[in-house]
Number of protein chains: 2
Amino acid sequence: MSAPQRATLEAAPARADVRRNRRRLLDAARAAFTEGGVDAPPSEIARRAGVGVGTLYRHFPDRASLVDAVLGDRYDTLRDEADRLLDACATSGAFAALTTWLDLFACHLALFQGMADSLRPTLLEPAVDAARGCDAMLAAWDRLFTRAQQSGAIRRDARPRDILRAVNALRWATQGTPTATQEADRLRALLLDGLRYQHTDGIRAGR
Amino acid sequence: MSAPQRATLEAAPARADVRRNRRRLLDAARAAFTEGGVDAPPSEIARRAGVGVGTLYRHFPDRASLVDAVLGDRYDTLRDEADRLLDACATSGAFAALTTWLDLFACHLALFQGMADSLRPTLLEPAVDAARGCDAMLAAWDRLFTRAQQSGAIRRDARPRDILRAVNALRWATQGTPTATQEADRLRALLLDGLRYQHTDGIRAGR
DNA sequence: ACCTGAACACCGTTCAAGT
DNA sequence: ACCTGAACACCGTTCAAGT
């Protein structure tokens, strides 16, 4: 009864000026995020958009919803890439598919300053956040990861969500430095070598 | 001329009530950190200590100095442990020494909530913070790490500071969950396997 | 000298008034 | 319905007044 109405309202707001405000807010937020990271002050975003702060809060009740709206269909794209790479496993190998996708994921994390912090609760298990439109992506990653395990490309005693959390964390570790991306890549390569390390003696690393 | 005076003043404040206030502030801060993490509000710390907020700021101008004061000689202890383990390399092996020390480091990071965030700038290179009394520890870690590289226990294309940043980040990734320590241990073990992974074909992991 | 806590500055969010 | 921005709540820091 009310479900279709809500869907319609969310998809296409009634008035033209409301759509225009939403568009302006998204553009302003993207610009502010690019310059100051996802923690850019609401007042600045509203000022850039030429609207009052109240309008910002009316359109996007909390920061997560604003960030997600700016991100748009990025998570869908990442899911599609994961599915595409799953098909490519047969020819290119499961490990290559894994690292290729994680490069894309790392690139996504580097979009704005503060993305790693923003995503941390979402990647926890059980997730603290309601999943922010990235459920499908996470599921696709799980499939890709499981395939790599089944093909013997990576060790079996690792969990898919762990790796995402770790990649996110390694990005966080280097943020704010001029060579952040380069250093995060290096740390990720190290982690991935650990992931494909095959134990020959049954002894766990560490203690 | 003025250096000895300053040292004397820092070591033993003139008045008894000043020493008492400092002691109370440290006890209160430790308690507040334990309950609410290192970001515990100054007002709460002052209230617990039974002093005004101004007294807190007089004794500890910024939060980093308060955290470091509460930490006390922990960094010296960690440095001593690193030196001790350096001597033990001959008998127990360099890799075991490395992982043992990193376990201690990880344990240190778990002392209070928010420790990872607090330490991140300090572990950057070039360090953003003035080194917070952990220079000696970092130097000792460098020695332990170099020894492990020379003995062939770990790969040569890794940097000591990288690993510390990564271990810090992996702790950050799991903080706030009931099984944070356990999960951080698991991720660290993965990273360490990557660290001792010896390339047999010259091909780097990932692209 | 040192301590106090009101005052100040700042920032995120809400909501009464206006269109 | 939606928009505005002053008002509110909150929190970290400072500093004039007091001891």
Side-chain angles (χ1 to χ4, degrees), chain A residues 2 5-29 32-33 35-70 112-114 117-118 121, chain B residues 2 5-29 32-33 35-70 112-114 117-118 121:
Chain A
S2 61
Q5 283 184 11
R6 195 159 61 84
T8 304
L9 276 169
E10 280 180 12
R15 292 206 271 166
D17 59 332
V18 175
R19 282 204 307 273
R20 193 203 55 185
N21 279 342
R22 188 187 153 88
R23 174 65 58 90
R24 282 187 178 179
L25 280 166
L26 286 176
D27 289 343
F33 289 175
E35 290 175 24
V38 291
D39 291 321
S43 56
E44 189 197 328
I45 296 172
R47 185 186 51 74
R48 279 176 186 261
V51 301
V53 274
T55 305
L56 170 58
Y57 281 98
R58 164 172 278 269
H59 283 260
F60 308 101
D62 50 41
R63 178 160 288 129
S65 69
L66 177 59
V67 172
D68 289 345
V70 169
F112 306 123
Q113 187 89 349
D117 298 79
S118 166
Chain B
S2 62
Q5 282 183 11
R6 197 159 59 85
T8 303
L9 277 168
E10 281 180 13
R15 290 207 272 165
D17 59 332
V18 175
R19 282 204 307 272
R20 194 203 54 186
N21 279 342
R22 187 187 154 87
R23 172 66 57 90
R24 282 188 178 177
L25 279 166
L26 286 176
D27 289 344
F33 289 174
E35 290 177 25
V38 292
D39 291 320
S43 56
E44 191 198 327
I45 296 172
R47 186 186 51 75
R48 280 175 185 261
V51 302
V53 273
T55 306
L56 171 58
Y57 281 97
R58 164 172 278 268
H59 282 260
F60 308 102
D62 50 41
R63 178 162 287 131
S65 68
L66 177 60
V67 172
D68 289 345
V70 169
F112 305 123
Q113 187 90 350
D117 297 79
S118 166

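Every chain is numbered from 1 and lettered A, B, ... according to where its sequence line falls, protein lines coming before strand lines. Note that this is a predicted model, so its numbers are computed, not measured.
- In terms of heavy atoms, Pro42(A) sits closest to Arg63(A) at CD-NH2, 3.4 Å.
- Atom CZ in Arg58(A) sits about 13 Å away from atom P in dC15(C), given to the nearest Å.
- In this structure, the side chains of Phe60(A) and Val67(A) stay at 4.5 Å or more apart for every pair of heavy atoms.
- Side-chain contact of Asp68(A) with Ser65(A): a donor-acceptor pair under 3.5 Å is absent, judged by distance alone.
- When rounded to the nearest whole Å, the span between CG of Asp17(A) and C1' of dA1(D) equals 9 Å.
- What separates CZ of Arg20(A) from P of dC2(D) is a distance of 14 Å, to the nearest Å.
- You'll find the side chain of Leu66(B) stays beyond 4.5 Å of the side chain of Leu25(B), heavy atoms only.
- Taking the side chain as every heavy atom from C-beta outward, Asp39(B) and Asp117(B) never approach each other to under 4.5 Å.
- The closest side-chain heavy-atom distance from Arg48(A) to Glu44(A) is below 4.5 Å.
- Per the geometry, CG belonging to Leu25(B) stands 11 Å off C1' belonging to dC3(C), to the nearest Å.
- In this structure, His59(B) does not reach the dC2(C) phosphate: none of its side-chain N or O atoms is under 4.0 Å from OP1 or OP2.
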Next on the checklist: Run the side-chain contact (heavy atoms from CB on, under 4.5 Å) test on Val38(A) and Val70(A) for me, step by step, so that the C-alpha distance in whole Å, both residues' side-chain angles and the decisive distance to 0.1 Å come before the verdict.
Outcome noted: CA-CA 10 Å; Val38(A) 291; Val70(A) 169; over 6 Å; no
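- For the pair Ser43(A) and Val53(A), the tightest heavy-atom approach, listed with the atom from each and the gap, is CA-CG1, 3.8 Å.
- Here the CG atom belonging to Asp17(A) is positioned 9.0 Å from the CZ atom belonging to Arg19(A), to the nearest 0.5 angstrom.
- Atom CG of Asn21(A) is separated from atom P of dC3(D) by 5 Å (rounded to the nearest Å).
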Checklist entry - Where does DNA chain D pair, written as one dot-bracket string 5' to 3', with Watson-Crick or G-U pairs under 3.5 Å, ( ) inside the strand, [ ] for crossing pairs and | for another strand? => result ||.|||||...|||||.||
Checklist outcome for this item: Contact string for nucleotides 7-13 of chain D, one letter per nucleotide 5' to 3', B = base within protein heavy-atom range under 4.0 Å, S = sugar-phosphate only, - = neither, reads -----SB
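- Rounding to whole angstrom units, CZ of residue Arg22(B) and C1' of dA1(C) are separated by 17 Å.
- His59(A) and Asn21(A) make their closest contact through NE2-CB, 4.1 Å (heavy atoms, listed as atom of the first residue, atom of the second, distance).
- Among all heavy-atom pairs drawn from Ala69(A) and Leu26(A), the shortest one is CB-CD2, 3.6 Å.
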Distances under 3.5 Å between protein N/O atoms and the N/O atoms of nucleotides 16-19 of chain C, please, pair by pair.
none

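- Protein atom CZ of Arg19(B) is 17 Å distant from nucleotide atom C1' of dC3(C), rounded to whole Å.
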